[in-house]
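Below, each value reflects all heavy atoms present in this structure, side chains not excepted, and no hydrogens, waters or symmetry copies. No experiment lies behind these values; they were computed from the predicted model shown.
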Amino acid sequence: MIADVAVGTTPEIPLWNDPAHSVSARVSALIEAMTLQEKIAQLYGVWVGASDEGGDVAPHQHDMEEAVDLDALLPTGLGQLTRPFGTAPVDPALGALSLLRTQARIASANRFGIPALAHEECLAGFATWGATAYPVPLSWGATFDPGLVHRMAAAIGRDMRSVGVHQGLAPVLDVVRDARWGRVEETISEDPYLVGTIGTAYVRGLEDAGIVATLKHFVGYSASRAGRNLAPAPMGPRERADILLPPFEMAIREGGARSVMHAYTDVDGVPAAADENLLTGLLRDTWGFDGTVVADYFGIAFLKTLHGIAADWAGAAGAALRAGVDVELPTVKTFGAPLAEAVTAGRVPEAVIDRALRRVLTQKAELGLLDPDWDPVPTALHDADLDDLDALRGRIDLDGPENRELARTVAEEAVVLLSNDGTLPLVRPRRIALVGPNADEPTAVLGCYSFPQHIGVHHPGTPVGIELPTLRETLAAEFPDAEVTVVRGTGVDDGDVFGIPEAVQAAREADVVVAVLGDRAGLFGRGTSGEGCDAESLALPGAQQQLLDALLDTRKPVVTVLLAGRPYALGRAVAESAAIVQSFFPGAEGTAAVAGVLSGRTNPSGRLPVSVPRGAGSQPTTYLGARLAHASEVSNIDPTPAFGFGHGLAYTAFEWSDLAVDGKEAPTDGEFSLEFTVRNTGERHGTEVVQLYLHDPVASVVQPVQRLIGYTRVPLEAGEERRVRVTVPADLASFTGRDGHRVVEPGDLELRFAASSTDTRLTASVTLTGPERRVDHTRRLHAVFAEEGAADA
């Protein structure tokens with residue numbers, strides 16, 4: 001510990017360590033005491049891997065980074081530790097021991113005793129060996145259930161915090177603009193309101209558990225041309241303002257997110273990592289964000305190597321700092337010696353370093369990392385004998401029964417029944433032909449940021465670490481009296497057609513065929529879905545469509561099941577399948593959830609977070625298109641989806657009736673009140689997802705034909721009905737006007753209560769009156785739903 005102390009403190013406790021003082025005062029005193037090298041050291045991370053023997057972490061080597069000498073770095077301090085658990089398979093308890101010993105080493109090596117902040121990926125669960133693999137974000141969107149997503153995020157956050165992690169690199173708030181993009185599985189939806197509400201719930205869950213949530217990727221990454229990863233984003237300012245920015249705005253304003261990660265992309269020639277108007281002007285000066293902006297991995301170096309707006313590393317570092325980036329990740333590259341030399345030479349002002357440092361140290365202070373009683377031992381290792389490695393191994397369970405139950409609940413709510421001719425639920429089938437590349441594949445339920453697919457594939461001799469039952473296993477358990485014949489037919493993307501005849505024969509001998517198709521998650525071309533695994537078209541990968549068509553030709557009932565990371569065009573199957581079940585990488589409990597829907601044990605309530613295309617080449621399109629984006633007589637391409645956003649069936653039916661509007665006119669600063677009845681007319685319990693869309697027939701700028709402005713889940717017993725009330729603020733009709741400001745314009749509107757974007761049930765025509773009104777980031781963001789008590793019809 002440094003011997004000097006600041007004025008006004010006792011000799012034993014320097015001001016920056018004294019919790020009796022304000023965080024601001026503590027941070028100011030610490031900055032004043034630091035050398036330039038010590039300041040810069042707090043602004044970068046080092047990519048490490050925990051030791052499976054409990055020793056210090058080892059620096060990780062990546063083909064885009066140079067070797068790091070920790071012994072040389074640590075005397076000046078260290079800002080972050082990058083993915084200590086998520087770099088290689090390690091027993092959680094021994095990984096936690098490795099992290100705590102490293103943190104003690106870091107704190108003792110620098111003059112101020114400051115430990116590092118440890119971050120990890122948590123896109124679909126804590127991305128470490130042995131942790132529960134939850135459904136991917138696209139499945140979160142399919143639940144239309146923010147409360148459930150909050151519970152899941154809180155569970156993930158508690159697991160991370162228990163082993164010493166401080167920050168999670170999630171959620172992804174990119175809005176899907178082109179389903180060919182490989183990272184669609186990481187997104188929540190093609191609709192910004194659904195992305196915002198579900199994403200904000202996830203943020204709250206992480207933050208409630210003490211984890212710093214990191215919003216990514218700010219902003220425009222998903223709008224890349226032709227759905228190519230890390231391609232330019234040809235979007236205008238209005239698309240950015242009205243489609244891509246609202247989820248981030250909501251998650252900051254309502255979720256309390258404490259970190260933001262810049263996007264890789266450039267918009268109109270300006271990379272996000274060097275965009276001062278975005279990272280400082282909008283994010284901080286307008287929205288009031290006071291957390292940290294962290295670099296997407298290697299993103300600052302990309303300013304030189306990919307974007308070409310910097311001549312050297314120092315230039316890249318200076319551009320990022322001026323724009324508002326505070327922390328270089330995953331490791332030190334531009335923020336090390338090049339930055340120090342640039343400051344000394346007068347190329348980069350020390351003031352921008354101090355600005356970033358204040359944000360970093362403020363966050364560390366709020367996390368307790370500057371307190372005199374800071375303890376590197378995480379809660380999961382309290383009362384453990386840290387010298388007994390045999391006793392430690394297996395001590396921490398990150399995949400316990402509560403996690404698995406929660407993962408199954410999310411997976412069940414996320415399964416979407418797209419079509420059904422009455423074949424489902426299956427009633428005591430005698431012979432099932434289970435066909436397809438994902439029928440008996442354990443990892444078919446996992447996304448590319450799950451640990452087994454992200455890291456485990458590089459360690460083939462290491463056990464997966466969690467139970468991943470295949471659909472073959474869960475279907476056999478679901479139908480114990482049925483004879484299940486399993487035939488692969490073809491691979492996910494190998495194009496092999498030689499197994500199709502065997503699959504056809506199995507189908508002919510069965511009562512029902514379950515065809516399990518879809519994706520294999522991977523990275524950078526090693527899969528059909530995932531980061532860097534973009535698609536040329538939305539046809540099923542490989543020979544899967546040929547397999548599916550051959551099965552349909554048998555005239556046996558074919559239930560098409562998709563375990564995938566994006567929506568696919570299904571050709572003849574849209575009309576000819578007996579049923580279609582869509583599940584977006586549903587996690588470790590996903591096959592049990594699908595089997596439950598097939599048997600009827602679970603009544604499906606999932607709704608599509610993205611449209612399912614009718615044609616493989618009709619992209620890019622989302623339901624948010626303006627009139628010119630829809631089918632017309634002047635183009636031979638019809639982009640009408642096979643199944644629209646928000647679509648989903650159940651094993652019961654719902655009737656909507658008796659719409660009442662409390663006043664059909666309201667001022668541009670007012671609100672509308674409406675109510676209607678939803679009744680379960682079927683014979684079993686079910687959940688209807690009420691969706692509210694806004695249609696603005698005449699506006700000063702082109703608008704989508706309709707857009708989602710609210711939703712609620714309504715669970716109903718058979719014969720039960722509820723009166724649903726909703727208050728709709730005029731603010732929800734706002735959009736970015738011609739002058740670049742968000743406005744609410746007077747005029748006629750339609751409020752459409754719908755079961756999906758293609759299934760409107762009730763419509764209210766209302767009018768906004770009075771003057772045009774300008775609104776900003778303090779506007780109201782939500783329609784407020786309420787339900788009256790249940791009644792039996």
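- Side chain of Ser189 to main chain of Pro609: a donor-acceptor pair is present (N/O by atom type, distance under 3.5 Å, no hydrogens or angles).
- Proximity of a side-chain donor or acceptor of Thr736 to a complementary backbone N or O of Arg238 within less than 3.5 Å is not detected.
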*Do Gln167 and Leu169 pass the side chain to side chain contact (heavy atoms under 4.5 Å, CB included) test, and can you show the C-alpha distance, the side-chain angles, and the key distance before you say yes or no?*
CA-CA 7 Å; Gln167 181 170 1; Leu169 302 189; 4.3 Å; yes

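- Between Arg180 and Ser537, the closest side-chain pair of non-hydrogen atoms is not below 4.5 Å.
- Between the side chains of Gln363 and Thr292, a donor-acceptor pair is found at a separation under 3.5 Å.
- Taking CE from Met160 and CD1 from Ile211, the interatomic distance works out to 4.5 Å, rounded to the nearest 0.5 Å.
- Within 6.0 Å of CG on Asp312 lie more than 12 heavy atoms contributed by other residues, nucleotides or ligands.
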*Just do the salt bridge (charged side-chain N to carboxylate O under 4.0 Å, His left out) check on Glu536 and Arg228 with the steps written out, would you?*
CA-CA 9 Å; Glu536 293 183 357; Arg228 290 182 60 246; over 6 Å; no

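- Between Gln42 and Ile114, some side-chain heavy-atom pair lies under the 4.5 Å cut-off.
- Applying the ring pair (Phe, Tyr, Trp, His ring centres under 6.0 Å) rule to pairs touching residues 231-253 yields Phe218-Phe248, sequence neighbours excluded.
- Glu121 contributes no side-chain N or O that, together with a main-chain N or O of Gly168, makes up a donor-acceptor pair within less than 3.5 Å.
- A distance below 6.0 Å separates the ring centres of Tyr297 and Trp47.
- Here the side chain of Lys39 pairs no donor or acceptor atom with the backbone of Glu350 at under 3.5 angstrom.
- Contact record, Val203 with Leu215: CG2-CD2, 3.5 Å, taken as the closest heavy-atom pair.
- Here the closest non-hydrogen pair linking Val175 and Ser222 is O-OG, 2.6 Å.
- Between Phe335 and Tyr44, the ring center distance fails the sub-6.0 Å criterion.
- Tested against Val260 for a side-chain contact (heavy atoms from CB on, under 4.5 Å), the candidates Thr214, Val219, Ile252, Leu279 yield a single pass: Ile252.
- In this structure, the side chains of Leu230 and Ser224 stay at 4.5 Å or more apart for every pair of heavy atoms.
- When each of Arg284, Arg355, Arg358, Arg258 is tested with Asp326 by the rule salt bridge (charged side-chain N to carboxylate O under 4.0 Å, His left out), just one qualifies, namely Arg284.
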*Step-by-step salt bridge (charged side-chain N to carboxylate O under 4.0 Å, His left out) determination, Arg322 to Asp275*: CA-CA 9 Å; Arg322 289 187 183 93; Asp275 192 342; over 6 Å; no

*asked:* Please determine whether side chain to side chain contact (heavy atoms under 4.5 Å, CB included) holds for the pair Phe645 and Val612, giving the CA-CA distance in whole Å, both sets of side-chain angles, and the decisive distance to 0.1 Å.
replied: CA-CA 8 Å; Phe645 168 83; Val612 172; over 6 Å; no

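- In this structure, a donor-acceptor pair under 3.5 Å is absent between the side chains of Tyr449 and Glu185.
- Taking all atoms of both residues into account, the shortest heavy-atom contact from Leu708 to Tyr623 is N-OH, 2.8 Å.
- Remark: the backbone N or O of Ser700 is paired with a side-chain donor or acceptor of Arg738 at under 3.5 angstrom.
- Asp493 places no side-chain N or O within donor-acceptor distance of the main-chain N or O of Gly542, the cut-off being under 3.5 Å.
- In this structure, the side chains of Thr200 and Arg204 come closer than 4.5 Å at one or more pairs of heavy atoms.
- Although no hydrogens or angles enter the test, the distance criterion places no donor-acceptor pair under 3.5 Å between the side chain of His119 and the main chain of Thr82.
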*Do Asp296 and Leu329 pass the side chain to side chain contact (heavy atoms under 4.5 Å, CB included) test, and can you show the C-alpha distance, the side-chain angles, and the key distance before you say yes or no?*
CA-CA 6 Å; Asp296 202 344; Leu329 296 178; over 6 Å; no

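- Note that the NE2 atom of His166 and the OG atom of Ser259 stand 14.0 Å from one another [nearest 0.5 Å].
- Proximity of a side-chain donor or acceptor of Glu38 to a complementary backbone N or O of Thr35 within less than 3.5 Å is detected.
- Using a cut-off of 4.0 Å between Lys/Arg side-chain N and Asp/Glu carboxylate O, Arg359 and Asp354 are scored as not salt-bridged.
- In this structure, Trp181 and Tyr221 have perpendicular ring planes: the angle between them is above 60°, well past the 30° mark.
- Contact between Tyr134 and Ile156 at its shortest, heavy atoms only, is CE1-CG1, 3.6 Å.
- Arg177 and Glu239 are joined by a salt bridge, as a carboxylate oxygen and a charged side-chain nitrogen come within less than 4.0 angstrom of each other.
- Taking CG from Asp534 and OG from Ser529, the interatomic distance works out to 9.5 Å, rounded to the nearest 0.5 Å.
- Around the CD atom of Glu32, the shell of radius 6.0 Å holds no more than 12 heavy atoms that belong to other residues, nucleotides or ligands.
- The heavy-atom pair separating Leu321 from Ala356 by the smallest distance is CD2-CB, 4.0 Å.
- With ring centers used as reference points, Tyr264 lies 6.0 Å or more from Phe298.
- Within a 6.0 Å radius of CG in Asp268, no more than 12 heavy atoms belonging to other residues, nucleotides or ligands are found.
- Residue Ala539 comes nearest to Ala616 through the heavy atom pair N-CB, 3.4 Å, listed as atom of the first residue, atom of the second, then distance.
- Using modelled atom types, no side-chain atom of Asp174 and backbone atom of Thr187 make a donor-acceptor pair closer than 3.5 Å.
- With rounding to the nearest 0.5 Å, the separation of SG in Cys533 from CG in Asn229 is 9.0 Å.
- Between Leu81 and Glu120, the closest side-chain pair of non-hydrogen atoms is not below 4.5 Å.
- Between Glu249 and Arg779 there is a salt bridge, since at least one side-chain N of the basic residue sits less than 4.0 Å from a carboxylate O of the acidic one.
- Using a 4.5 Å heavy-atom cutoff, the side chains of Arg742 and Asp242 are in contact.
- Thr280 contributes no side-chain N or O that, together with a main-chain N or O of Asn277, makes up a donor-acceptor pair within less than 3.5 Å.
- Side-chain contact between Phe85 and Leu99 is present, with heavy atoms from C-beta onward closer than 4.5 Å.
- Distance check, rounded to the nearest 0.5 Å: CG of Leu123 to CD of Glu531 gives 10.0 Å.
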*Is there a side chain to side chain contact (heavy atoms under 4.5 Å, CB included) between Arg707 and Tyr193 once you walk through the steps?*
CA-CA 9 Å; Arg707 55 187 172 89; Tyr193 185 74; over 6 Å; no

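- You'll find the side chain of His217 reaches within 4.5 Å of the side chain of Arg183, heavy atoms only.
- Note: Thr778 OG1 to Trp287 CH2 = 13.5 Å, rounded to the nearest 0.5 Å.
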